Amino acid sequence: MADEKELRYDPATIEPKWQQKWAADPTLYAAEPATSGKPKYYVLEMLPYPSGQLHMGHVRNYSIGDALARHMWMRGYNVLHPMGWDAFGLPAENAALKNNTPPREWTLANIAAMKRQMQRLGLGYDWATEVTTCLPDYYRWNQWFFLRMYEKGLVYRKKSKVNWCPECATVLANEQVIDGRCWRHEDTLVEQRDLEQWFFRITQYTQELLEGLDKLEGWPEKVRTMQRNWIGRSEGTEVDFTFENDLLGTSVAKPGNIVPDTTQTISKIRVFTTRVDTIYGATSVQLAPEHPLVVQLAAVDSALRKQVDGLLDEQKLAREAGNVGEIEKHGIPTGHFAINPYNGERLPIWVANYVLMDYGTGAIMSVPGHDERDYEFAKKYGIHIQRVISPAGGEGEDTDLPFISEDGVLVNSGEYNGMTCAEAQTKMQQVAASKGFGEAKVTYRLKDWGVSRQRYWGTPIPMINCPDDGLVAVPDDQLPVLLPPQIEITQQGGSPLGRVPEFLNTTCPKCGGPAKRETDTMDTFVDSSWYFYRYTDAKNTNAPFDSAKAQYWFPIDQYIGGVEHAILHLIYSRFWTKVMRDLGMIVNDEPARRLFTQGMVIKDGAKMSKSKGNVVSPDDMVARYGADATRMYALFAAPPDRDLEWQEDGVAGISRFLGRVWRLVTKYDALAREGRSRHSQVPSGLSLKLLRKLHQTIAKVTLDFEGRWHFNTCVAAIMELVNEIQAADAQLAAGEVPAPAMWELLSSLVLLLAPFAPFLAAELWDDIGGEGAILRAPWPKSDPGLAKEDEQEIPVQINGKLVSLVRVPTGADPKTIEAAALADEKVRARTAGKNVVKVIVVPGRTVNLVVK
RNA sequence: GCGGAAGUGGUGAAAUGGCAAACACACUAGCCUUAGGAGCUAGCGCCGAAAGGCUUGCGGGUUCAAGUCCCGCCUUCCGCACCA
């Protein structure tokens, strides 16, 4: 330790040294085969989009995962800790436009840069299982899955109104539209366009996706709630309203069919309601502006068409202003009437802007007496308001309308009068079914997943359009359908692949004649829906992965990522897992047993973003303070599930702490090394005091890894330990703690630090003569006997107020504690001349005297 | 509007219903000197000279005891938002 350079903690020399050593040892972070005999642990962090730069959110996410992975390695688990790249997507095309760099080159260069950053941070990934979704050895399996799903009827094509982002020049899934705007371009309004689109039939799994949430106890309630709301199950009734006179022909409107078809005639309107019990209170029928009947009426009635167009324009304006939900209710009477099948009543048919075409049937019965929206509308247009539910328990005690509650009985409802709402619903559904004008119906908000994208940088959809055979699937042995490498990216709309003749023109696999390829590519959420299975068998060229390997590793034991993926990625992933299970590839129903969503990294109270100019670069932090300090700060500054305010002074503080550890351990390294192989005696005096603190710290840190994950308090506990050892420096220097105790103290300290500051821990482990890689060293075990204090201080309260502290032996019985409390001087002074009415002793905790 | 989370020193925060503010940052005073983004010592919720009193967004309640549990309200953030 005489070397002057080594007198200071210098992460800039320690860290690159270990980085090199680790890179040279491919087995260090490698998952072992199932035959290892160890229990498995699959810890996964969400894979990043390779933008070219890690941001602090990544650093935090990966620091959490890496700490956990390292801890599990030290606990003797066979750990799978992989990393990959969500490498398809629009930014690569934008970059191509801007810099004239091909998307592939741009993406791969970014990946290389970010991988360097990750390695510099010392993140322990098994790079042998790296997955890059934009490479054919990965995306061919997207195509393979597409074909399997096509065979099972889980893929279909339909022409439909789709969300179109003019900025992306492509289609968006419903999940990617936020407040009528594109999820990537918050200033860009999403338009509706009619296109032939490929869909995944995720709705086939709706109910299972919903019910499965109850079993995902290791997932945050918040995420489960968000998914439940997204799936949006609601139980109700569909009811057919006929027309007063059969002006419109005899065929039936298909619910959900929003393509105008003027050759089709309609004789009924089907509405969906959750409150069929209020149907005697229906005083109008309201149609969405896009409803097929409206389209047809408008086709022959130019005045109506003009008004409906006005409604639609109004909605568009509201979307632009970002207040779709607050738009004033507005409607147009059509002049036609519908018949309520329950009572034959004649109801005017309106077109209303508050009725949504893509939910239910696009038509509602309006019950202003018992629905706030209908009430507001009826008030505005002077439509009759009828009470049909009377609040429970109060005859004649009618509350104000609208009365929304279902806690009531029917009135003004013919034969149903007197029934409760629930009774009436059941009865009315039975009647509708038996008379054939309706049925019980469960409606979901979740829609099928539109996956077609009119982009270049994505997985080509493996379908061929033949003039003779129609749509033909690309045979498996012709996969992958490769993306053409050279392509000119332009801002023109439509699929770029359609402008590449070598790609577009092919032969039909069935007849061998000339045919055209599908030119759309897949939504990138396809890539991230199953990537974590590929990690278990990343080099497989015969299948997406080997089932036995997936079965060994799945489900993921701990998945860690941002809550912003609560719906999109995490619902699609669950869907994909169920599909693969039904294809017989895996046996698990859900991808991940536990999910952890970490908080955001903020700076000056706001989320870090380029536009706010408050971005802190991880590279800067690492250059100034080292990777260990940067990572440890990310864990120390707040519990992982909470938002974290980045304060550079805090990183400097951690760096100083690591410096103290470094000095402490290097100062006594020779002593510790000497004690490594010697037997320790029963500790006493200072040794006992420090070892006691050590074992308390081990217990605390271990417990947090097992449950609570409050790594901030783990780090604080380690700091306390270091402070206490350091405070005894003079005595240590005088040799008061013998070598074996010193070994236990310092080696355990270094081991505790290993998940949080892996570079420093590795360096010090070496320094004190630790054997082998610290990652394989056993996690220290707390000895409860040693951790226990001999004596403890018990607070004494009088009438709930703290008065004094008394020392008693740990584990003292209530009598002893009570006696000690009553003997205390301050207590006696306060109780003198008064009555001690009651004494509450909580052993080991407190004494409270109730005094009068 | 609905659902969820959170409100504790100057700051980040800590506290199985049992001593509020651990651990850090910042700050103040002092020491040290190889002058460093270093190290060490002490102080640091508020009022008060002290004794002592007060203190966890606000108001109630339960309890021997409440930051923690219950009720009502306020504020902030997040999600959903005309879903019939």
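The chains referred to below are lettered A, B, ... by the order of the sequence lines, with proteins before strands, and numbering in each begins at 1. No experiment lies behind these values; they were computed from the predicted model shown.
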What's [X] touching, base or sugar-phosphate or nothing? Going by heavy atoms closer than 4.0 Å.
{"X": "A/N799", "value": "nothing"}
{"X": "A/Y444", "value": "nothing"}
{"X": "A/V847", "value": "nothing"}
{"X": "A/R708", "value": "sugar-phosphate"}

Charged N-O contact under 4.0 Å between [X] and [Y]:
{"X": "A/K667", "Y": "A/D729", "answer": "yes"}
{"X": "A/E818", "Y": "A/K815", "answer": "no"}
{"X": "A/K693", "Y": "A/E789", "answer": "no"}

Short side-chain N/O contact to [N] OP1/OP2 from [X], under 4.0 Å:
{"X": "A/N723", "N": "B/rA24", "answer": "yes"}
{"X": "A/Y359", "N": "B/rA84", "answer": "yes"}
{"X": "A/N712", "N": "B/rA14", "answer": "yes"}
{"X": "A/S234", "N": "B/rA84", "answer": "yes"}
{"X": "A/K801", "N": "B/rC54", "answer": "yes"}
{"X": "A/Q726", "N": "B/rC40", "answer": "yes"}
{"X": "A/R656", "N": "B/rA38", "answer": "yes"}
{"X": "A/R642", "N": "B/rA14", "answer": "yes"}

Listed nucleotide nearest any side-chain atom of [X], set [options]:
{"X": "A/R660", "options": "B/rG79, B/rA24, B/rA14", "value": "B/rA24"}
{"X": "A/F272", "options": "B/rG12, B/rG18, B/rA84", "value": "B/rA84"}
{"X": "A/P639", "options": "B/rA84, B/rA14, B/rC23", "value": "B/rA14"}
{"X": "A/E720", "options": "B/rG37, B/rG18, B/rA22", "value": "B/rA22"}
{"X": "A/K222", "options": "B/rA65, B/rA24, B/rC78", "value": "B/rC78"}
{"X": "A/A637", "options": "B/rA15, B/rA81, B/rG12", "value": "B/rG12"}
{"X": "A/V850", "options": "B/rG18, B/rC64, B/rC23", "value": "B/rC64"}

Is there a Watson-Crick or G-U wobble partner for [N] with both distances under 3.5 Å, and if so, which one is it?
{"N": "B/rG39", "value": "B/rC31"}
{"N": "B/rG7", "value": "B/rC74"}
{"N": "B/rA81", "value": "none"}
{"N": "B/rU63", "value": "none"}
{"N": "B/rA26", "value": "none"}
{"N": "B/rU16", "value": "none"}
{"N": "B/rC54", "value": "B/rG45"}

When the [atom1] atoms of [N] and [M] are considered, how many whole Å apart are they?
{"N": "B/rG60", "M": "B/rC74", "atom1": "C1'", "answer": "15 Å"}
{"N": "B/rA50", "M": "B/rG36", "atom1": "P", "answer": "40 Å"}
{"N": "B/rA51", "M": "B/rG45", "atom1": "P", "answer": "15 Å"}
{"N": "B/rU68", "M": "B/rG18", "atom1": "P", "answer": "11 Å"}
{"N": "B/rA6", "M": "B/rA26", "atom1": "C1'", "answer": "25 Å"}
{"N": "B/rA29", "M": "B/rC73", "atom1": "C1'", "answer": "46 Å"}
{"N": "B/rC31", "M": "B/rC23", "atom1": "P", "answer": "26 Å"}
{"N": "B/rU34", "M": "B/rC19", "atom1": "C1'", "answer": "45 Å"}

Could you state the [atom1]-[atom2] distance from [X] to [N], rounded to the nearest angstrom?
{"X": "A/D620", "N": "B/rG37", "atom1": "CG", "atom2": "P", "answer": "16 Å"}
{"X": "A/L802", "N": "B/rU55", "atom1": "CG", "atom2": "P", "answer": "14 Å"}
{"X": "A/E648", "N": "B/rA26", "atom1": "CD", "atom2": "P", "answer": "11 Å"}
{"X": "A/R663", "N": "B/rG36", "atom1": "CZ", "atom2": "P", "answer": "16 Å"}
{"X": "A/Q647", "N": "B/rA26", "atom1": "CD", "atom2": "P", "answer": "9 Å"}
{"X": "A/R8", "N": "B/rA38", "atom1": "CZ", "atom2": "C1'", "answer": "7 Å"}
{"X": "A/L664", "N": "B/rC40", "atom1": "CG", "atom2": "C1'", "answer": "15 Å"}
{"X": "A/I567", "N": "B/rG79", "atom1": "CD1", "atom2": "C1'", "answer": "7 Å"}

**Asked** With nearest nucleotides of RNA chain B determined for A/G800 and A/G232 from heavy-atom distances, which residue corresponds to the more 5′ nucleotide?
**Response** A/G800
**Asked** Taking for each residue the nucleotide of RNA chain B with the nearest heavy atom, is it A/G653 or A/R830 whose nucleotide lies nearer the 5' end?
**Response** A/G653
**Message:** Any side-chain to backbone donor/acceptor pair from A/Y342 onto A/I279? Under 3.5 Å, distance only.
**Reply:** no
**Item:** Expected output: side-chain A/H330 to main-chain A/N353 donor-acceptor under 3.5 Å
**Value:** no
**Request:** May I ask you to establish whether A/K329 and A/F377 are in a cation-pi arrangement, using a distance under 6.0 Å from NZ or CZ to the six-membered ring centre and at most 45° from the ring axis?
**Result:** no
**Asked** Quick check, are the ring centers of A/W219 and A/F596 under 6.0 angstrom apart?
**Response** no
**Request:** For A/K380, look at atom NZ and say whether over 12 heavy atoms of other residues, nucleotides or ligands are found less than 6.0 Å away.
**Result:** yes
**Request:** Tell me, yes or no, whether the heavy-atom count around A/E372 atom CD, taken from other residues, nucleotides or ligands under 6.0 Å, exceeds 12.
**Result:** no
**Message:** With syn defined as a glycosidic angle within 90° of 0 and anti as the rest, where does B/rG9 land?
**Reply:** syn
**Request:** Look at the side chain of A/R845 and the base of B/rU16, then say whether one donor and one acceptor between them are separated by less than 3.5 Å.
**Result:** yes
**Request:** Determine whether any donor atom in the side chain of A/D649 lies under 3.5 Å from an acceptor atom in the base of B/rC25, or the reverse, and answer yes or no.
**Result:** no
**Item:** Side chain proximity check, A/M719 to A/F657, heavy atoms < 4.5 angstrom
**Value:** yes
